[in-house]
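Written out below as structure tokens is the structure these notes cover.
The chain is numbered in sequence order, starting from 1. These figures come from a predicted structure and were not determined experimentally. Side chains are part of it too, since the values below use all heavy atoms of this structure and drop only hydrogens, waters and symmetry mates.
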Amino acid sequence: IIPTDDLERILDYAFKHSRLAGLFAWAVNSGMREGECLGLKRRYATPDNDYIFVKKSLTYIKDRRENAVSATIPKLKRPKNGKERKVPYNESLKDIYRYQIGQIEEEKKRAGKLYHDKGLLFADEYGDFLRPWKVLKEFQGILEMLGLEKRRFHDLRHTFISLLIKESQRAGDGISILEVSAIAGHSDPTVTMKIYGGLFPNSTERAMKILDTCSAIKLPALREKDGKSCA
């Protein structure tokens, strides 16, 4: 998990010096996996829908064609758990989307006829698929410039989910494992519990205390004394 102070420095530097700033901000505000971000089409992420529809994930596979120009080729496939999902929009994500659209329009003007728009929200300077190893190099280059320890792109996702849980609890409206699992796109809530269960320290205690106001399950003498009923 990236400390919030470090994250603030990373994003501040990125928005001043990196064309991938929108991608980094999107990942830590949506919890989407890297491949899901890189394969995201703009038409599935318009803020007018109030949801981001995560339908595909970008991966690179070995190019087995004769006279292949590159060792690998991009391929869009279903998300990691094999299921499509939708992530609710918040204001931060809407701002990032608008920022990214502005950047795309500027790059289209600069590239001219060399720009081949694939409809991606996060593309290279010519509208083509980004390569994960170049994204990682850029991300770690920012960390090095700031004197921070090396991190994976995936740590942005971990940071988002952790902040989602902690901030909801701090606000007194603790999010459930099922809700976290749905947003994160885990194959099963048990996966969420295995990874993030330690961030729900008071959930069971809170659940049990709810029954303190229910007299139906209390001993008869105590029920008559309290005069309360949960029926």
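Side chain of Lys41 to backbone of Lys118: a donor-acceptor contact under 3.5 angstrom is found. Looking at Arg85, its side chain does come within 3.5 Å of a backbone N or O of Ile183 through a donor-acceptor pair. Using modelled atom types, one side-chain atom of Gln140 and one backbone atom of Arg151 make a donor-acceptor pair closer than 3.5 Å.
Between Trp26 and Tyr97, the two ring planes are tilted [angle within 30° to 60°]. Taking the six-membered ring where tryptophan is involved, the planes of His158 and His154 are perpendicular, since the angle between them exceeds 60° and thus also 30°.
Proximity of Leu11 to Val28: side-chain heavy atoms (C-beta onward) are separated by under 4.5 Å at one or more points. Considering only heavy atoms from C-beta on, Phe122 stays 4.5 Å or farther from Leu20 through its side chain. Contact check for Ile161 versus Ile1: no side-chain heavy atoms found under the 4.5 Å cut-off. In this structure the side chain of Leu120 reaches within 4.5 angstrom of the side chain of Phe129, judged on heavy atoms. Lys134 is not listed as a side-chain neighbour of Asp124, based on a closest heavy-atom distance of 4.5 Å or more. Here the side chains of Arg33 and Ser57 are not in contact, with every heavy-atom distance at 4.5 Å or above. Contact of the Arg42 side chain with the Ile104 side chain is registered, since non-hydrogen atoms from C-beta on lie closer than 4.5 Å. Contact check for Ile2 versus Leu148: no side-chain heavy atoms found under the 4.5 Å cut-off.
The side-chain contact (heavy atoms from CB on, under 4.5 Å) search around Asp95 returns Arg98, not counting sequence neighbours. Residues meeting the side-chain hydrogen bond (donor to acceptor under 3.5 Å, both in side chains) test with Glu34, sequence neighbours left out: none. Residues satisfying the side-chain hydrogen bond (donor to acceptor under 3.5 Å, both in side chains) test with Lys113, not counting sequence neighbours, are none. By the side-chain hydrogen bond (donor to acceptor under 3.5 Å, both in side chains) test, Glu107 is found to be paired with Arg19, residues two or more places apart in sequence or in another chain being considered. For Asp128, there are no side-chain hydrogen bond (donor to acceptor under 3.5 Å, both in side chains) partners two or more places apart in sequence or in a different chain.
The two residues Asn29 and Phe160 have their closest heavy-atom pair at O-CE1, 3.4 Å. Of all the heavy atoms in Gly39 and Leu58, the pair that sits closest is N-CB, 3.9 Å.
Here the CG atom belonging to Leu93 is positioned 12.0 Å from the CD atom belonging to Gln100, to the nearest 0.5 angstrom. Remark: Leu23 CG to Met32 CE distance equals 9.5 Å, nearest 0.5 Å. We find the CD1-CD1 distance between Ile96 and Ile101 to be 12.5 Å, quoted to the nearest 0.5 Å.
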key: Verdict with reasoning, Thr4 to Thr159, per side-chain contact (heavy atoms from CB on, under 4.5 Å)   = CA-CA 9 Å; Thr4 51; Thr159 301; over 6 Å; no
request  = Test Asp155 against Arg152 for side-chain contact (heavy atoms from CB on, under 4.5 Å), laying out the working first.
outcome  = CA-CA 5 Å; Asp155 291 338; Arg152 305 169 303 161; 3.0 Å; yes
query = When you look at Lys109 and Glu106, which way does the side-chain contact (heavy atoms from CB on, under 4.5 Å) test go after all the steps?
reply = CA-CA 5 Å; Lys109 292 178 183 177; Glu106 290 179 5; 5.8 Å; no
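A salt bridge does not link Asp5 to Arg9: none of the charged nitrogens lies less than 4.0 Å from a carboxylate oxygen.
Heavy atoms of other residues, nucleotides or ligands lying less than 6.0 angstrom from CD of Glu8 number 12 at most. With a 6.0 Å radius and a threshold of 12 heavy atoms from other residues, nucleotides or ligands, Tyr126 has its OH atom at or below the threshold. For Lys75, the NZ atom counts as loosely surrounded, since its 6.0 Å shell holds 12 or fewer non-hydrogen atoms of other residues, nucleotides or ligands.
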Check residues 43-56 and write down every donor-acceptor pair under 3.5 Å in which the side-chain atom is one partner and the other belongs to a residue at least two apart or another chain.
residue, atom, partner, partner atom, Å
Thr46, OG1, Asn49, ND2, 3.0
Lys55, NZ, Glu84, OE1, 3.2

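Exactly one of Tyr60, Phe139, Phe153 qualifies for a ring-ring contact (aromatic ring centres under 6.0 Å, His included) with Trp133. That residue is Tyr60.
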